[in-house]
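Notes for the one structure printed next.
Chain letters run A, B, ... following the sequence lines, proteins first, then strands; residues in each count from 1.
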2 protein chains.
Amino acid sequence: MQPTTQETNQIDTQEGVAIAQLARQLKALGEPNRLRIVQLLREGVQCNCELGDALGMAPNLISHHLRTLREVGLVEVERDAVDARWIYYSLDRDALAALLGAFDAFFDPARIKERHPACGPQGSLVRLDEIGVAA
Amino acid sequence: MQPTTQETNQIDTQEGVAIAQLARQLKALGEPNRLRIVQLLREGVQCNCELGDALGMAPNLISHHLRTLREVGLVEVERDAVDARWIYYSLDRDALAALLGAFDAFFDPARIKERHPACGPQGSLVRLDEIGVAA
DNA sequence: AAAATAGTTCAATAACTATTGATCTATCAA
DNA sequence: TTGATAGATCAATAGTTATTGAACTATTTT
């Protein structure tokens with residue numbers, strides 16, 4: 001009773017949704033300026049203006065990138081309690097931890113199976129091997 | 001004596017090159033179909049045809065995505081020794097391990113500093129705090 | 001030599017996105 | 001109320017890229 005998609009052939013569909021989410025977040029992070037923004041947020045920088053100063057980018061562009069980071073759930077927003085004009089951005093620790101976990105699980109070297117061609121001449125050889133024939 | 005870039009302000013420039021490389025690889029991985037290809041490669045699937053079958057994609061499109069994965073160094077290519085028409089793709093274990101290390105280092109939750117606004121009203125408060133004034 | 005096989009490369013298109021400049025909102029200060 | 005401040009949103013543009021279809025290369029088979 002899995003969440004049905006179309007092409008369920010070799011892949012365990014279980015991971016389907018997780019893959020979509022992982023792709024979304026990696027896509028958001030796969031942009032140098034956004035990665036630098038994350039780096040700055042990691043260091044405690046929080047307002048649009050200072051991010052812009054540090055990166056030499058216009059505030060509206062910073063705003064744009066922060067938005068995409070927000071949309072994938074990696075960044076949180078907060079208004080200043082004293083002066084509501086200021087908006088503070090910060091990394092969502094939980095989301096980041098979850099991403100780290102998903103990434104580590106997905107790319108765990110231990111999960112990489114040895115060569116296992118299922119087609120081509122070497123594929124047939126391996127298949128013989130699997131049946132129980134010695135190499 | 002760091003590799004000089006323009007806007008060296010808040011960021012340690014040391015990480016600059018690493019960030020560019022990390023962004024390149026994350027960008028390559030930030031696409032659902034490519035992520036699924038990686039997933040299949042991880043399971044040992046290796047030829048264009050079977051990847052295409054599993055994902056319901058045309059061979060030329062598989063070729064395209066494999067190329068971008070190759071270009072960021074995550075995937076290796078090898079021709080069949082018996083029948084040179086077959087080309088086997090596989091994950092570059094070392095590159096993947098390196099990426100995993102870089103990713104974990106970059107997003108290590110322990111590296112995320114506490115709120116530290118340097119601008120805005122709360123920023124001044126914190127600055128006072130740093131000078132030695134009690135909250 | 002001719003046909004089939006496995007896959008790549010090329011050209012075109014449609015969708016997306018980073019960047020820029022201008023405008024707009026909300027809030028605080030004078 | 002007027003002006004300044006912090007930032008978001010809008011519109012336009014340029015560059016990028018996923019996808020498709022056709023043509024091409026290399027290799028093996030008949």
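- A donor-acceptor pair is defined here as one N or O able to donate and one able to accept, closer than 3.5 Å; no such pair exists between the side chain of B/R70 and the backbone of B/V75.
- Comparing D/dT19, C/dT9, D/dG7 by their nearest atom to the side chain of A/C47 picks out D/dG7.
- Per the SG-SG cut-off, B/C119 and A/C47 are bridged by a disulfide [distance under 2.5 Å].
- Put simply, CD on B/E78 is 14 Å from P on C/dG7, counting in whole angstrom units.
- Positionally, the nearest nucleotide of DNA chain C for A/N33 lies more toward the 5' end than for the other of A/N33 and A/D83.
- In this entry the distance linking CD of B/Q46 with C1' of C/dA6 reads 15 Å, nearest Å.
- The CZ-C1' distance, from A/R36 to C/dA18, rounds to 13 Å in whole Å.
- Ranking D/dT19, C/dG7, C/dT19 by closeness to the B/N48 side chain, first place goes to C/dG7.
- Under 4.0 angstrom from either OP1 or OP2 of C/dT9 there lies at least one side-chain N or O belonging to B/R67.
- Looking at the side chain of A/W86, the nearest of the listed nucleotides D/dA6, D/dT27, D/dA18 is D/dA6.
- Among C/dT9, C/dA6, D/dT20, the nucleotide with an atom closest to any side-chain atom of B/S63 is C/dT9.
- Comparing A/T68 and A/R85 by the nucleotide of DNA chain C whose heavy atom lies nearest to each, the residue mapping closer to the 5' end is A/T68.
- Here D/dA26 presents its C1' atom at 14 Å from CG of B/D80, a figure rounded to the nearest Å.
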- [ ] Could you check A/R24 against B/E31 for salt bridge (charged side-chain N to carboxylate O under 4.0 Å, His left out), going step by step and ending with a plain yes or no?
- [x] CA-CA 7 Å; A/R24 262 167 45 91; B/E31 207 281 331; over 6 Å; no
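- Within a 6.0 Å radius of CZ in B/R67, no more than 12 heavy atoms belonging to other residues, nucleotides or ligands are found.
- D/dG7 atom C1' lies 12 Å from atom CZ of A/R70, rounded to whole Å.
- Judged by distance alone with a 3.5 Å cut-off, no donor-acceptor contact links the side chain of B/N60 to the base of C/dG7.
- In this model, the phosphate group of C/dT17 is approached by a side-chain N or O of A/K27 to a distance below 4.0 Å at OP1 or OP2.
- At a threshold of 4.0 angstrom between heavy atoms, the contacts of A/H64 include nucleobase atoms, whether or not backbone atoms are also involved.
- Judged by the 6.0 Å and 45° rule, B/R42 forms no cation-pi pair with A/F107.
- Residue-level contact check: A/L61 touches the bases, meaning some heavy atom is under 4.0 Å from a base atom.
- One atom, CE of A/M57, and another, P of D/dA6, lie 19 Å apart when rounded to the nearest Å.
- Of the two residues contacting DNA chain D, namely B/R34 and A/C49, the nearest-nucleotide position lying further toward the 5' end is that of A/C49.
- Using a cutoff of 4.0 Å between basic side-chain nitrogens and carboxylate oxygens, B/E114 and A/R93 are scored as salt-bridged.
- Rounded to whole angstrom, the span from the CG atom of B/L29 across to the P atom of D/dT17 amounts to 14 Å.
- Taking 4.0 angstrom as the limit, B/R79 places none of its side-chain polar atoms (N or O) nearer than this to OP1 or OP2 of C/dA6.
- Straight-line distance from the NE2 atom of B/H65 to the P atom of C/dT9: 15 Å, rounded to whole Å.
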